[in-house]
Amino acid sequence: MDRQKHIVQTVFRLVSTRVDENCCCFVEDESLFGPDHKIIYRHFATLYFIFIADSAESELGVLDLIQVFVQVLDSCFENVCELDLIYHFDRVNYILDEIVMAGMVLETNADLILTSIKEAKKLEQEGSTFGF
């Protein structure tokens, strides 16, 4: 647990001290993950969305993935904020599972993701135990 805490603190320090207007959305720290990994992030209002990817991943593809994730969150929560992520973590995880599963990107079309989420919500309201 100490290693995980150290990683979270170090990544947040690296990302939060950068000036958005002057810096790109990629950071490297070989001491944390080795020379083959990059920290890819986007900063929206008070939220940071951070992915760690190896050199096989496209940095721009991951940035697009973050954009789609935030777009879907905004649609589901009407201007997503920290409290939405905290109090509805199950819904956030379900949304993320619609986009990425087992490290593989499943879907990047925000409309299809929203349709799937609405269908799951409809099933939940009908009494099904599936979804959130």
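The analysis underlying the following values was restricted to heavy atoms, covering all of them including side chains, and did not include hydrogens, waters or symmetry mates. Numbering of residues begins at 1 and proceeds along the displayed sequence.
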Quick one: list whatever passes side chain to side chain contact (heavy atoms under 4.5 Å, CB included) with Ile86, sequence neighbours left out. none
Between the side chain of Arg91 and the main-chain N/O of Leu73, is any donor-acceptor distance below 3.5 Å? no
Flag side-chain contact, heavy atom, 4.5 Å: Leu14 against Thr10: yes
With a 4.5 Å cut-off on side-chain heavy-atom distances among I, L, V, M, F, W and Y, is there a chain of contacts connecting Val92 to Val105? yes
Side chains of Arg3 and Ile7 in contact at under 4.5 Å (non-hydrogen atoms): yes
Work out which heavy atom in Glu30 is nearest to a heavy atom in Pro35; give both atom names and the distance. CG-CA, 3.7 Å
Is there a side-chain contact between Val11 and Phe33, using heavy atoms and a 4.5 Å cut-off? yes
Would you kindly confirm whether Ile50 and Val62 end up in one hydrophobic cluster when ILVMFWY residues are joined by side chain heavy atoms under 4.5 Å apart? no
Should side-chain heavy atoms under 4.5 Å link Ile, Leu, Val, Met, Phe, Trp and Tyr, which residues sit in the same cluster as Phe89? none
My understanding is that a hydrophobic cluster links ILVMFWY residues whose side chain heavy atoms are under 4.5 Å apart, including indirect links. Using that, what else belongs to the cluster containing Leu106? Met101
Could you work out, with side chain to side chain contact (heavy atoms under 4.5 Å, CB included) as the rule, every residue matching Gln67, not counting sequence neighbours? Arg42, Phe44
Identify, with sequence neighbours excluded, every residue that meets side chain to side chain contact (heavy atoms under 4.5 Å, CB included) alongside Ser116. Tyr94, Glu98
List, by chain and then residue number, the residues other than Leu112 in its hydrophobic cluster (Ile/Leu/Val/Met/Phe/Trp/Tyr, side-chain heavy atoms under 4.5 Å); write none if there are no others. none
Please list all pairs meeting salt bridge (Lys or Arg N to Asp or Glu O under 4.0 Å) that have one or both residues in residues 75-84, counting only residues at least two apart or in different chains. none
What closest approach, in Å, do Val80 and Asp74 show between heavy atoms, and which atom pair accounts for it? N-OD1, 3.0 Å
Can you name the ring-ring contact (aromatic ring centres under 6.0 Å, His included) partners of Phe69, sequence neighbours left out? Phe49
According to the side chain to side chain donor-acceptor pair (under 3.5 Å) rule, which pairs have a member within residues 47-61, sequence neighbours left out? Asp36-Ser55, Lys38-Glu59
With a 4.5 Å heavy-atom cut-off, do Ile113 and Asn109 have their side chains touching? no
When rounded to the nearest 0.5 angstrom, what distance separates OG1 in Thr108 from CD in Gln71? 10.5 Å
May I ask you to decide if Ile39's main-chain N or O and His37's side chain share a donor-acceptor pair within less than 3.5 Å? no
Could you tell me the separation between the CZ atom of Arg18 and the SG atom of Cys24, rounded to the nearest 0.5 Å? 5.0 Å
Which residues end up grouped with Val8 if you chain together Ile, Leu, Val, Met, Phe, Trp and Tyr wherever their side-chain heavy atoms are less than 4.5 Å apart? none
Give the cluster check for Ile99 versus Leu47: same hydrophobic cluster or not, with ILVMFWY residues linked at side-chain heavy-atom distances below 4.5 Å. yes
Point-to-point distance, once rounded to the nearest 0.5 Å, from CD1 of Ile117 to SG of Cys76: 4.0 Å
Suppose we screen for side chain to side chain donor-acceptor pair (under 3.5 Å). Which residues come up paired with Ser16, at least two apart in sequence or across chains? none
Minimum heavy-atom distance Phe51-Leu65, with the two atoms named: CE2-CD2, 3.8 Å
Applying the 4.5 Å side-chain criterion to the ILVMFWY set and letting contacts propagate, would Val68 and Val70 be lumped into a single cluster? yes
Between Leu60 and Phe26, what is the shortest heavy-atom contact and its length? CD2-CZ, 4.4 Å
Between atom SG of Cys25 and atom CG of Leu63, what is the distance when rounded to the nearest 0.5 Å? 5.0 Å
When rounded to the nearest 0.5 angstrom, what is the spacing between NZ in Lys122 and CD in Glu119? 8.0 Å
With Phe77 via ring-ring contact (aromatic ring centres under 6.0 Å, His included) - residues at least two apart: His88
Side chain of His6, backbone of Asp2: donor and acceptor closer than 3.5 Å? no
